[in-house]
Amino acid sequence: MAFDLGTPVNTALLLYILYSIQRILFPSNSVPQIVPNEFKNGYTWMPKSHPPTLLYQTFTPKTLAYYNGEDGKRILLAIKGVVYDVTAGRNFYGPNGMYANFAGRDASRGMAKQSFDEEMLTPIDQPLDKLDDLTPEEIENMKGWMEHFSSKYIVCGKLVENDAI
């Protein structure tokens, strides 16, 4: 089968290939008529203000409860004594989020058991949950959550017993 320039498809294809080669070998060096101005007013991705800095500190269940995300406050949660600032995930951990019950609380048992029920949370006036009854699979699950939170959120403190401070 020979290449026939008599057919319109072959002719159009050959012209397109020649035009593409010409554009590659001899690019246009004309100056644009309009100067781009999309960055004259600054970058649009910059925040209006930086969030307030939260220093690494020691929390108790009672002091952690304040950081539940209500009224625009920061959102903290703890897993196995490590406190994470999850404010960036406000849609998940803030009020009306699907994990809102973990905000300002020790979420260790709930994360280990993959349960978001209220009974997974230790009352804030009780001693910290020792997690002695967890199975090895649940402990591994909790460690997986800790790795996830450590890579995604800021570690901002540690959780200790109420009377430790």
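You'll find the side chain of Met111 stays beyond 4.5 Å of the side chain of Asn141, heavy atoms only. Annotation: side chain of Ile75 is not in contact with side chain of Leu77 (no heavy-atom distance under 4.5 Å). Between Val155 and Tyr56, some side-chain heavy-atom pair lies under the 4.5 Å cut-off. Side chains of Leu76 and Cys156 form a contact here, defined as non-hydrogen atoms less than 4.5 Å apart.
Between the side chain of Asp106 and the main chain of Pro61, no donor-acceptor pair closer than 3.5 Å is present.
Within the model, atoms NZ of Lys113 and CD of Glu119 stand 11.0 Å from one another, a figure rounded to the nearest 0.5 Å. If you take CG on Asn68 and OH on Tyr66, they are separated by 9.0 Å, rounding to the nearest 0.5 Å. A distance of 12.0 Å separates CD1 in Ile139 from CE in Met146, rounded to the nearest 0.5 Å.
With respect to the salt-bridge test (charged N to carboxylate O, under 4.0 angstrom), the residues Lys80 and Glu138 do not qualify. With salt bridges taken as basic N to acidic carboxylate O contacts below 4.0 Å, one links Arg109 and Asp133.
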Report task. Begin from the C-alpha positions of Leu131 and Met142 and carry the test side chain to side chain contact (heavy atoms under 4.5 Å, CB included) through to its verdict. Result -> CA-CA 11 Å; Leu131 308 170; Met142 182 176 57; 3.8 Å; yes

Requested in this report: Run the numbers on Phe59 and Leu159 for side chain to side chain contact (heavy atoms under 4.5 Å, CB included), then give the verdict.
Outcome: CA-CA 5 Å; Phe59 295 93; Leu159 185 66; 4.2 Å; yes

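Heavy-atom minimum distance, Arg105 versus Leu121: NH2-CB, 3.6 Å. Pairing each heavy atom of Ser28 with each of Arg23, the nearest pair is CB-NH1, 4.3 Å.
More than 12 non-hydrogen atoms from other residues, nucleotides or ligands lie less than 6.0 angstrom from CG of Leu128.
Placement of Val86 and Ile124 in two distinct hydrophobic clusters is found when ILVMFWY residues are connected by side-chain heavy-atom separations under 4.5 Å, directly or transitively. Under the 4.5 Å side-chain contact rule for hydrophobic residues, Val83 and Met120 do not share a cluster. Connection of Leu134 to Val82 is established within a shared hydrophobic cluster, with ILVMFWY side chains joined at heavy-atom distances below 4.5 Å, either directly or through further cluster members. In terms of hydrophobic clustering, with Ile, Leu, Val, Met, Phe, Trp and Tyr side chains grouped at heavy-atom distances under 4.5 Å, Trp145 and Met98 are assigned to a common cluster. Both Phe26 and Ile17 belong to a common hydrophobic cluster when Ile, Leu, Val, Met, Phe, Trp and Tyr are linked at side-chain heavy-atom distances under 4.5 angstrom.
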For residues 90-97, dump all side-chain donor-acceptor pairs below 3.5 Å to protein atoms at least two apart in sequence or in another chain.
| unit_1 | atom_1 | unit_2 | atom_2 | d |
| --- | --- | --- | --- | --- |
| Arg90 | NH1 | Gly69 | O | 3.0 |
| Arg90 | NH2 | Lys73 | O | 2.8 |

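Among Tyr84, Phe116, Phe149, the single residue meeting the ring pair (Phe, Tyr, Trp, His ring centres under 6.0 Å) criterion with Phe102 is Phe116.
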